[in-house]
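Report on the following structure.
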Amino acid sequence: MVWDRFAASDPGLLRLTAGLRTVSAIALTLLVLALLGTDVSHMVAGAMTAMTATFAIKEKPVRDQAVTLALGLPVSLVAMSLGALLTSQVVAGDLFFIALIFGAVYCRRFGERGTALGLIGFQIYFLSLFVGASTTALPSLCLALAVGFGCSAVVRFGVVPETPRRVLARLRDAFRARLAQLVSVQIELLDAGPEQLEKVLDDMRLRTARLHETALLIQGRLEEGTPDADKAALLQRRVADAEIATERLGMLLLNARSVERADTLTLHLPHAPVPLTGDWRPADDDATIALRRDLKALHLLVSRPASRDAGTAVAHIRNRLLGYRDEEKLPSAPSGIQDAFRGIGEAARSVLGLRLALDGPQDESDDSPATTRSREEFDAEDIALAASETSGEKDRAGLQRPTTRAAFQVAVGSVLAMIGGELLSSQRWYWAVLTCWVVFLNTASTGEILVKGYRRLLGTLLGAVAGVALAGLVGDHTWISFALVLVFIFAMFFTAPLSYAVMSFFVTAMLGLLYTLLNSYSFDVLVLRIEETAIGAACGVIAAVLVLPVRTDRRTDELLGTVLERLGEVVSAAVEQLSGGPASDLLGKARGLDTALDELRDSTNPLTYPITPLRGRRRTVRYLVALLETCAYHARSLAATAELVPHSKTVAADPRLHRAGQRIAHNIGVLAAYVEDEAARGEVESGASIASTLRDDGSGTQPSGTVTFRVLRHLQRLDEGVVGLARPLDVPLADHTGTKSVRD
């Protein structure tokens, strides 16, 4: 259980592996160099080389990693040699450094290998400045570099190996653990009182987001980790089914304890109102007791791998939960409680499908008719499964290409940082250049650069304080200093994806120890480090603002347009298939929507950052993103249901749905047009509910447990969400009573 919690906190153990691999490479390098009798400064050079060679290479196939590592050694030797040769040629050295920075960033356009080689070239040249490389010491430094690369290779391919298949297997375990955590929070939701409800909902939002994060990580590792394309597509579908079914179960449980149906926005927007029953207390009626029991049973099914199933107990639980998919198996209870039981049945079905995809065929001797039917549905889906098709986006040319723009921005920012840094110190100016370089990594707008610079400065300030204390405690104890450096490097890599400020703290604390090892430590040096960091961050922001700027709102608008485009594609394709149209790769389209939405969410971080002074705008952006997440949830659910149409005995196409989808598609198109061009014409249309527009004479209302009702519910919520986007986007809105404009 403890291991499951850790696996869920670090999906695929990616952070743990990165930390262990880097620390092991550095430790092995220090050991080899110590045995060779190398002095401390060259041991530092070898250790930093091993660290660079380890973290710079991000390629997934092992063969590609080996090729890039082999190419990285000559690149590093050339960079170190030029650093030593140009150390006395100030102007030539500065010009070369700027050219190197431009080339290192420009090389990102050539993929992960170009990114890795550019990063290695920059870091090793920076290392030559840090250790004060000279031509007389060049042979020893080159030996240290070669040892660093060799030890990095030994650790990467021998000591801490990482294959795509192994990473994918660990990601599957993490997905199962996070799925179990989400079900556990849903159990708490059933019994939470009014005073605990907001905290439980926050936990459920967090667990849902983490489950979604792991699903996307699996998506990114499928191609390399699963040689069979059909099996990869099957696993992708089963992961999506489990994610959607479990998220839907949370919504049904919230509805079960509400006076009226809760808006799906509640699951995505903190502090959204929840229509609860008055003076809620955990119910003790038979139906609620059974619901609580079956939620715990579902948690057991989710948390236990198939390999640990023994006897008939687990099979009995699975059969009972799958039975809720049949109307006659439902207990006598209000409709909201019955819907929750149906949700448990669908979640149990998704768990069965996930187990079949991960572990293959299982014992069927204890199957009930409901379980047999579910297996037959999965078999039909497997036969009909076609490999997903991917469509590449057009690459921008010239200065519009992000890598080219960033190369010019970093080059200009580095020139400014070099000038400002040398005004402070002719010996440590390169820290300002390093900061300018770093704040441009993995950023795409001025706002992102500003936030990253602030975080780095904050982490550096706190790290300098820690460095002062540690340097005083360690003194001249070399190996204690190296041991602490290894601890900080591990912490740096383990916390990097979680908090950039915390990572910067460990980096600066580590540097304080390195200065101690190089006998160049003083309080003034660490103060200078803070000042150089501030100058570098400021120069990066100035370059981002003045040189080919990408404003945060422009970047956000571009990504928002992409999200709306992907949303329209998913909805149109799902409705077409639900209406009896041809099958398409709905799951691939849905994952494209998820990826675009994640990019939009990241790009809005500067607008929602706690220190932003624009409080009203922050609330608007959060509301807009929550609405888009709600729409994406309903679109994914429609896509998952539509996937069943070609080969299911219980889900039939309904041609009337085509008319319902037209209004939603029209409204999405209008929103996308206004995002692209504020002068666009058109209005978002609202009116009668989707269900009422489809109701034929005498047809009545669909029972809440039917697939048709579920589809109508998702369409209705999607329609409401798309119409709701009109107000924050300032788009004219028209309804059946007349025309009104949200711009007024």
Side-chain angles (χ1 to χ4, degrees), residues 1-28 50-51 53-70 111-113 116 151-181 210-240 242-243 302-308 354-360 388 489-490 493-498 591:
M1 185 63 69
V2 174
W3 178 252
D4 283 348
R5 292 178 66 87
F6 183 79
S9 67
D10 182 14
L13 303 183
L14 299 178
R15 290 185 286 123
L16 177 65
T17 302
L20 287 177
R21 178 180 285 176
T22 306
V23 168
S24 299
I26 294 173
L28 183 59
M51 180 177 70
T54 303
F55 78 78
I57 299 174
K58 303 293 186 182
E59 291 161 302
K60 299 179 182 68
V62 176
R63 181 180 179 277
D64 292 347
Q65 295 177 22
V67 172
T68 304
L69 193 62
E112 292 181 329
R113 179 165 297 161
C151 292
S152 177
V154 169
V155 171
R156 177 182 293 272
F157 303 118
V159 181
V160 190
E162 183 182 82
T163 63
R165 187 172 299 184
R166 185 176 299 174
V167 173
L168 181 59
R170 292 200 297 258
L171 283 172
R172 295 168 184 170
D173 292 339
F175 183 81
R176 175 181 54 79
R178 286 193 165 182
L179 199 65
Q181 288 180 346
R210 287 181 174 175
L211 181 67
H212 183 64
E213 171 197 3
T214 310
L216 288 178
L217 285 173
I218 291 176
Q219 168 74 10
R221 299 279 178 163
L222 277 174
E223 184 176 349
E224 294 84 7
T226 309
D228 186 350
D230 288 343
K231 186 174 182 180
L234 173 65
L235 179 58
Q236 178 186 2
R237 176 178 298 193
R238 297 294 176 255
V239 166
E243 179 188 358
V302 171
S303 58
R304 284 175 64 95
S307 58
R308 289 170 52 189
L354 191 60
R355 286 187 167 197
L356 290 173
L358 295 178
D359 304 305
S388 300
I489 288 175
F490 177 83
F493 281 91
F494 193 78
T495 60
L498 303 178
R591 282 306 177 206

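One-based numbering along the sequence shown. Reckoned from all heavy atoms, side chains included, excluding hydrogens, waters and symmetry mates.
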Distance, nearest 0.5 Å, that separates CG of L211 from CZ of R176: 13.0 Å
Residue pair A215 / F175: nearest heavy atoms and the distance that separates them: CB-CE1, 4.1 Å
Value rounded to 0.5 Å, distance of CD1 in I57 from CD in E112: 11.0 Å
Partner of L171 by side-chain contact (heavy atoms from CB on, under 4.5 Å), out of L13, V239, L217: L217
Side chain Q65, main chain K58, donor-acceptor under 3.5 Å: no
Presence of salt bridge, E59 and R156, under 4.0 angstrom: no
For the student: nearest non-hydrogen atoms of F157 and L69, plus distance: CE1-CD2, 4.0 Å
Minimum-distance pair of heavy atoms, taken over all atoms of T54 and S152: OG1-OG, 3.0 Å
Taking every non-hydrogen atom, the tightest pair across I489 and M51: CD1-SD, 4.1 Å
Heavy-atom side-chain contact between V62 and E162 under 4.5 Å: no
L16 versus D10, closest heavy-atom pair with distance: N-OD2, 2.9 Å
R238 (side chain) donor-acceptor with L354 (main chain) under 3.5 angstrom: no
Side chain proximity check, V167 to R170, heavy atoms < 4.5 angstrom: yes
Side-chain heavy atoms of L28 within contact of V154, under 4.5 Å: yes
Nearest heavy atoms of A242 and L179, plus distance in Å: O-CD1, 4.0 Å
F490 and L20: CA distance, side-chain angles, deciding distance, side-chain contact (heavy atoms from CB on, under 4.5 Å) verdict: CA-CA 7 Å; F490 177 83; L20 287 177; 4.0 Å; yes
CZ-OG1 distance between R63 and T68, expressed to the nearest 0.5 angstrom: 10.0 Å
